[in-house]
Amino acid sequence: MIKVIISGFSGSMGQKAVKMVNDANDMQLVAGFNPIVKDLDPESYGLDKNVKIFNELTKIDVDADIWIDFSIPTAVFDNTKFAIEHGIRPVIGTSGMSEEQTAELKKLADAKHLGGIIASNFGLSAVLMMKFAQVAAKYFAESEIVEKHHEDKIDAPSGTALNTARLIYEARGHDQAQHSSQDPMNTRGGDYHGTKIHALRLPGFVADEEVIFGGVGETLTISQSTTDRQSFMTGVKLAIHEVMKQDQLVIGLEQII
Ligand SMILES: NC(=O)C1=CN([C@@H]2O[C@H](COP(=O)(O)OP(=O)(O)OC[C@H]3O[C@@H](n4cnc5c(N)ncnc54)[C@H](OP(=O)(O)O)[C@@H]3O)[C@@H](O)[C@H]2O)C=CC1
Ligand SMILES: O=C(O)C1=N[C@H](C(=O)O)C[C@H](O)C1
């Protein structure tokens, strides 16, 4: 049995993860972590009576193999560091970590030969979109990203948009050329090594992204649309099985599928 802790178990993604683990015949949910809500009714969150709930990292005393994290951008670094330091393999979906934080966690896990993953997106359509964008980046010198999310998303740009921009930059091996513009209202978006990122937050969306490549007389648009958060669970399950075999921290589901 793979023993699992879920950080952020009461949130939208945390609840999907609770169900996925409960339904898996080779996994056991041993604990949930949430420092905000105290005295919650475990049953109403799909937790079996044997599942322990912790409100403080330092109080966590259960034996576990996997730390699933769908919490908040300001907490994910400390949560992941805790998991690695305690030999619990991290499967991290929470967005908002800086490249420096990710690199520090990778160094820590790799030094302990501990498997784990930080994935900006566990959805197949998004992972394939990123792979296709990497290929297109070799042929098109210029691109921009438009990401669209629900109105409750805390961070911008999305982890997926940032990871897409990083993969494009790596594929090209240099910054994208800039065009000068007069833009007193800052309408040209954020910038990652020359790739502009535009973030929309509106009711009606779950998570969508378009990567638009422009060349002389033609454009190429690679787009994906997430309509149900359940779509992320196939990737989470696959990642759990994969990191049990790994001895390092993998950055991106696109590295293992
Ligand atoms: N990689 C991927 O494929 C995906 C990643 N995500 C990312 O996952 C994260 C969570 O998304 P979502 O479920 O929609 O958000 P929610 O706001 O629904 O859930 C976040 C949960 O984290 C809890 N929480 C708050 N502080 C902490 C903490 N310090 N440690 C642990 N838990 C905490 C919140 O508790 P409370 O409600 O009590 O405040 C809440 O239950 C986001 O960063 C999002 O971008 C989302 C979808 C897919
Ligand atoms: O907050 C979300 O909803 C999502 N967050 C992730 C991100 O920041 O890319 C993954 C997906 O886009 C959904």
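Residue Ile36 holds its CD1 atom at 9.5 Å from OG of Ser71, rounded to the nearest 0.5 Å. The distance from atom NE2 of His150 to atom OG of Ser12, rounded to the nearest 0.5 Å, is 7.0 Å. Rounded to the nearest 0.5 Å, atoms NZ (Lys107) and NZ (Lys112) are 15.0 Å apart. Note that CD1 of Ile66 is 7.5 Å distant from CD1 of Ile68, once rounded to the nearest 0.5 Å. Taking OG1 of Thr164 as the start and CE of Met130 as the end, the distance is 5.0 Å to the nearest 0.5 Å. With rounding to the nearest 0.5 Å, the separation of CG in Asn25 from CE in Met1 is 7.0 Å.
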Query raised in the report: Under the side-chain contact (heavy atoms from CB on, under 4.5 Å) criterion, do Met233 and Lys237 qualify, and how do the steps go?
Result: CA-CA 6 Å; Met233 287 304 124; Lys237 196 171 181 180; over 6 Å; no
Requested in this report: Carefully, step by step, assess Lys19 and Gln230 under the rule side-chain contact (heavy atoms from CB on, under 4.5 Å).
Outcome: CA-CA 10 Å; Lys19 185 167 180 343; Gln230 185 59 34; 5.6 Å; no
Report task. Could you walk me through whether Gln176 and His193 pass the side-chain contact (heavy atoms from CB on, under 4.5 Å) test, one step at a time? Result -> CA-CA 6 Å; Gln176 182 173 312; His193 290 281; over 6 Å; no
Query - Criterion side-chain contact (heavy atoms from CB on, under 4.5 Å) on Tyr169 and Thr195, from CA distance to verdict - result: CA-CA 8 Å; Tyr169 169 64; Thr195 295; 5.9 Å; no
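The minimum heavy-atom distance between Ser7 and Asn79, with the atom names listed, is OG-ND2, 3.2 Å. Contact detail for Leu105 and Ile84: the closest heavy-atom pair is O-CD1, 3.6 Å. Closest of all the heavy-atom pairs between Lys16 and Arg229 is CE-CB, 4.1 Å. The shortest non-hydrogen separation linking Glu210 to Ser223 is CG-CB, 3.5 Å. Contact record, Val30 with Asp63: CG2-O, 4.0 Å, taken as the closest heavy-atom pair. Here the shortest heavy-atom pairing between Ala161 and Glu147 reads CB-CG, 3.8 Å.
Using modelled atom types and a 3.5 Å distance limit, the side chains of Asp183 and Ser181 yield no donor-acceptor pair. In this structure, a donor-acceptor pair under 3.5 Å is present between the side chains of Gln178 and Asp191. Lys106 and Gln248 share a donor-acceptor pair across their side chains, judged by distance under 3.5 Å alone. With hydrogens and angles left out, the side-chain atoms of Gln224 and Thr226 include a donor and acceptor closer than 3.5 Å. For the residue pair His149 and Asp208, no side-chain donor N or O sits within less than 3.5 Å of a side-chain acceptor on the partner. With hydrogens and angles left out, the side-chain atoms of Lys153 and Ser95 include a donor and acceptor closer than 3.5 Å.
In terms of modelled atom types and a separation under 3.5 Å, the side chain of Thr219 and the main chain of Gly215 share no donor-acceptor contact. The main-chain N or O of Gly8 is never found under 3.5 Å from a side-chain atom of Asp69 such that the two would form a donor-acceptor pair. Side-chain N or O atoms of Lys131 include one that pairs as donor or acceptor with a backbone N or O of Glu254 at under 3.5 Å. In terms of modelled atom types and a separation under 3.5 Å, the side chain of Asp65 and the main chain of Lys3 share a donor-acceptor contact. When atom types are taken as modelled, the side chain of Gln15 and the backbone of Phe9 share a donor-acceptor pair closer than 3.5 angstrom. Between the Arg89 side chain and the Gln246 main chain, a donor and an acceptor come within less than 3.5 Å of each other.
Between Phe33 and Trp67, the ring planes are tilted. Angles from 30° to 60° get that label.
Neither Val91 nor Ile5 shares a network with the other; the hydrophobic side chains, linked directly or stepwise wherever heavy atoms of I, L, V, M, F, W or Y lie under 4.5 Å apart, form separate groups for each. Under the 4.5 Å side-chain heavy-atom criterion for ILVMFWY residues, no single connected hydrophobic cluster contains both Val236 and Leu249. Note on Phe232 and Val127: same hydrophobic cluster, where clusters join Ile, Leu, Val, Met, Phe, Trp and Tyr whose side-chain heavy atoms are under 4.5 Å apart, directly or indirectly. In the hydrophobic cluster analysis, where Ile, Leu, Val, Met, Phe, Trp and Tyr join through side-chain heavy atoms closer than 4.5 angstrom, Tyr139 is grouped together with Leu220. Residue Ile168 is not grouped with residue Ile251 when hydrophobic side chains (ILVMFWY) are merged at heavy-atom distances under 4.5 angstrom, including chains of intermediate members.
Val206 has its side chain out of reach of Asp228: every pair of non-hydrogen atoms, C-beta onward, lies at least 4.5 Å apart. Contact check for Val51 versus Val18: no side-chain heavy atoms found under the 4.5 Å cut-off. The shortest side-chain heavy-atom distance between Ser143 and Arg172 falls under the 4.5 Å cut-off. The shortest distance between side-chain heavy atoms of Asn34 and Ile53 does not fall below 4.5 Å. Using a 4.5 Å cut-off on side-chain heavy atoms (C-beta onward), Lys52 and Ile60 make no contact. Looking at heavy atoms from C-beta onward, Glu85 lies out of side-chain contact with Leu114 at the 4.5 angstrom threshold. Side-chain contact between Ile212 and Val146 is present, with heavy atoms from C-beta onward closer than 4.5 Å. No side-chain heavy atom of Phe77 sits under 4.5 Å from any side-chain heavy atom of Phe82.
Within 6.0 Å of the CD atom in Glu151, the count of heavy atoms belonging to other residues, nucleotides or ligands exceeds 12.
A salt bridge links Arg188 with Glu144: the distance from a Lys NZ or Arg NE/NH1/NH2 to an Asp or Glu carboxylate oxygen falls below 4.0 Å.
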